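Keep in mind it's a predicted model, so treat the numbers as computed, not measured.
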Amino acid sequence: MDPTPVVKEIITSITGISAEQIASDSNLYLDVGVASVHALQLLTELERRFNIAIPDEEFVEATSLNSLAALIRRLTSDNCNVPPEPPHA
């Protein structure tokens with residue numbers, strides 16, 4: 001599954017920026033104008049929608065739609081190979 005359309009939809013819903021303004025390889029912060037205040041919302045919503053944990057250091061490096069989608073693809077495929085952790089007592 002390609003997460004790109006969902007990532008784009010999340011970005012537009014959080015920021016109010018139109019989908020047409022979000023090119024696949026544009027820097028979301030410098031070129032598109034995503035405010036840094038939206039970054040935490042974006043991180044939280046991506047983790048919720050894709051049921052993954054995104055390491056902060058990897059999230060800050062993924063500054064384009066393509067790089068975010070690639071990160072999510074990798075993390076979701078990693079989750080398929082790792083059994084869930086047992087509940088903590």
Novice: Begin with the C-alpha distance, continue with both residues' side-chain angles, and end with the deciding distance and a verdict on side-chain contact (heavy atoms from CB on, under 4.5 Å) for I17 and T12.
Specialist: CA-CA 5 Å; I17 295 170; T12 61; 5.5 Å; no
Novice: With heavy-atom distances below 4.5 Å as the criterion, would you say the side chains of D56 and L43 are in contact?
Specialist: yes
Novice: Nearest 0.5 Å, please: how far is CD1 in I72 from CZ in F50?
Specialist: 4.5 Å
Novice: Of the non-hydrogen atoms in A69 and P3, which two are nearest, and what is the gap between them?
Specialist: O-CG, 3.5 Å
Novice: I need the minimum non-hydrogen distance between A35 and Y29, along with the two atoms involved.
Specialist: O-CE2, 4.5 Å
Novice: Kindly determine whether L71 and L46 satisfy side-chain contact (heavy atoms from CB on, under 4.5 Å), including the steps that lead there.
Specialist: CA-CA 11 Å; L71 175 60; L46 291 170; over 6 Å; no
Novice: A side-chain contact here means heavy atoms from C-beta on lying under 4.5 Å apart; do L42 and H38 qualify?
Specialist: no
Novice: For a quick test of reading the model, state the closest non-hydrogen atom pair linking E57 to E61 and the distance between them.
Specialist: O-CG, 3.2 Å
Novice: If you measure only the distance, is there a donor-acceptor pair under 3.5 Å linking the side chains of N66 and S64?
Specialist: no
Novice: Is there a donor-acceptor contact under 3.5 Å from the side chain of E47 to the main chain of T44?
Specialist: no
Novice: Going from OG on S77 to CE on M1, what distance comes out if it is rounded to the nearest 0.5 angstrom?
Specialist: 12.0 Å
Novice: With a 4.5 Å cut-off on side-chain heavy atoms, are D25 and S67 touching?
Specialist: no
Novice: Do the side chains of Q41 and I10 get nearer than 4.5 Å, heavy atoms only?
Specialist: no
Novice: Within the distance-only criterion (no hydrogens, no angle test), does the side chain of T15 pair as donor or acceptor with the backbone N or O of I11 below 3.5 angstrom?
Specialist: yes
Novice: Take V7 and L68, measure what side-chain contact (heavy atoms from CB on, under 4.5 Å) needs, and give me the verdict at the end.
Specialist: CA-CA 8 Å; V7 174; L68 276 175; 4.1 Å; yes
Novice: Taking R49 first and then E9, would you say they form a salt bridge - that is, a charged N and a carboxylate O separated by under 4.0 Å?
Specialist: yes
Novice: Could you state the interatomic distance from CD (Q21) to OG (S26), rounded to the nearest 0.5 Å?
Specialist: 10.5 Å
Novice: Which atom pair, heavy atoms only, marks the closest approach of A23 to L65?
Specialist: O-CB, 4.2 Å
